[in-house]
Amino acid sequence: METCAEEVQVKLLGGRSSPFVLRVRIALALKGIHYEHIEETMNPKSELLLKSNPVHKKIPVLVHNGKPICESMIIVQYIDETWDTRAPFLMPKDPYDRAIARFWAAFIDDKLLPCIRAVFTGQGEQCQKAVEETVANFLILEEALRTNLCFLGKAYFGGDGIGFVDIALGGMLAFVNALEKATDSVLIDAEKMPLLSAWMDRFCEADGVKEVMPDPVKLLEFICATRVKFAPLPAAN
């Protein structure tokens, strides 16, 4: 990656297992931006994180020239706007297309992610219900790829190249794949969701994406170890 004095001042507070951090790493990689990755353990949270994100105290945080930016999709927009002369351009130029991109990114965060989180933390019937709700939301995205004029016939939600919606959803893929294994479930069914499944394969193999995807074995280990913490305690005799 080429570097410059401005880019050296880019730092990312994150964690290798976080799908939200992965969104930012993908955006930085696609833009070819050099940055320092600072691994945040979260237990305890570092002083740098608490100082940089005093409201939510969460990762990711992008620190650019000493100024922190929080929340993954806000960071992705910031990256696109700050390095606006460098391709690829993650947000559409047309105002209507930008509104559509923001709508579907919000759908992913507001509707899909809570269901994925419920699969992650749920057990038994609770987990199964969350699986069904997650699948229903993925089917909505499949239908959008099939019928929405902004996406119809395109390789990505962003058109011929990866864009804002692709990053919003794509940052979740490694986590979803590992979660399917951990829960012995199918969340993205290739037969029921052929367009979404084909998009997923293209996205994961794209230059700038595959290089930053987390190790699937380590991610699966993390998910399995964390899910144990949500298991109900055995009943007392």
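Scope of the values below: all heavy atoms of this structure, side chains included, with no hydrogens, waters or symmetry mates.
Residue Phe157 forms a ring pair (Phe, Tyr, Trp, His ring centres under 6.0 Å) with just one option from Phe103, Phe203, Trp199, and that option is Trp199.
The OG1 atom of Thr134 sits 13.0 Å away from the CZ atom of Phe120 when rounded to the nearest 0.5 Å. Atom CD1 of residue Ile69 and atom CD1 of residue Ile75 lie 7.0 Å apart, to the nearest 0.5 angstrom. Of the inter-residue distances, the one linking Ile33 atom CD1 with Ile79 atom CD1 reads 5.5 Å to the nearest 0.5 angstrom. Considering CG of Asp80 and CZ of Phe89, their distance stands at 8.0 Å, rounded to 0.5 Å. Ser72 OG to Asp109 CG: the interatomic distance, rounded to the nearest 0.5 Å, is 6.0 Å.
Side chains of Asn148 and Trp104 form a contact here, defined as non-hydrogen atoms less than 4.5 Å apart. A 4.5 Å side-chain heavy-atom check between Leu141 and Phe107 finds at least one atom pair inside the cut-off. Looking only at side-chain heavy atoms (C-beta outward), Cys70 and Val55 stay at 4.5 Å or farther from each other. Counting heavy atoms from C-beta on, the side chains of Leu173 and Ile188 come closer than 4.5 Å. Side-chain contact between His64 and Tyr35: absent, with no pair of heavy atoms (C-beta onward) separated by less than 4.5 Å. Taking the side chain as every heavy atom from C-beta outward, Pro88 and Ile162 never approach each other to under 4.5 Å. Put simply, the side chain of Pro68 does not reach to within 4.5 Å of the side chain of Asn53, judged on heavy atoms. Side-chain contact check for Ser46 versus Glu40: some heavy-atom pair is nearer than 4.5 Å.
A distance-only check finds no donor-acceptor pair linking the side chain of Arg23 to the backbone of Gly171 [under 3.5 Å]. Judged by distance alone, with hydrogens and angles left aside, the side-chain atoms of Thr41 form a donor-acceptor pair with the main-chain N or O of Pro44 at under 3.5 Å. Checking side-chain atoms of Arg146 against main-chain N and O of Leu195 turns up no donor-acceptor pair under 3.5 Å. Not a single donor-acceptor pair under 3.5 Å links the side chain of Arg25 to the backbone N or O of Met213. Within the 3.5 Å criterion, the main-chain N or O of Tyr78 finds a donor-acceptor partner in the side chain of Thr82. Looking only at distances, no side-chain donor or acceptor of Lys181 sits under 3.5 Å from a matching main-chain atom of Leu220. In this structure a side-chain-to-backbone donor-acceptor pair under 3.5 Å is present from Lys57 to Pro54. In this structure a side-chain-to-backbone donor-acceptor pair under 3.5 Å is missing from Asp166 to Tyr156. In this structure a side-chain-to-backbone donor-acceptor pair under 3.5 Å is missing from Lys192 to Leu139. In this structure, Asn137 contributes its side chain and Glu133 its backbone to a donor-acceptor pair below 3.5 Å.
More than 12 heavy-atom neighbours from other residues, nucleotides or ligands sit within 6.0 angstrom of CD on Glu211. Other residues, nucleotides and ligands contribute more than 12 heavy atoms inside 6.0 Å of the CG atom of Asp110. Other residues, nucleotides and ligands contribute only 12 or fewer heavy atoms inside 6.0 Å of the NZ atom of Lys58. Counting heavy atoms of neighbouring residues, nucleotides and ligands inside a 6.0 Å radius, atom NZ of Lys210 exceeds 12 of them. In Lys45, the NZ atom is crowded: over 12 heavy atoms of neighbouring residues, nucleotides or ligands sit closer than 6.0 Å.
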Requested in this report: Decide yes or no on side-chain contact (heavy atoms from CB on, under 4.5 Å) for Arg227 and Gln123, but give the supporting numbers first.
Outcome: CA-CA 9 Å; Arg227 274 177 54 79; Gln123 304 289 330; 3.9 Å; yes
Requested in this report: Please test Phe138 against Glu143 for side-chain contact (heavy atoms from CB on, under 4.5 Å), starting from the C-alpha separation and ending with a verdict.
Outcome: CA-CA 9 Å; Phe138 274 128; Glu143 185 65 14; over 6 Å; no
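Val186 and Ile116 are not part of a single hydrophobic cluster, where members link through side-chain heavy atoms under 4.5 Å apart. Residues Leu152 and Leu196 do not share a hydrophobic cluster, defined by chaining ILVMFWY side chains whose heavy atoms lie under 4.5 Å apart.
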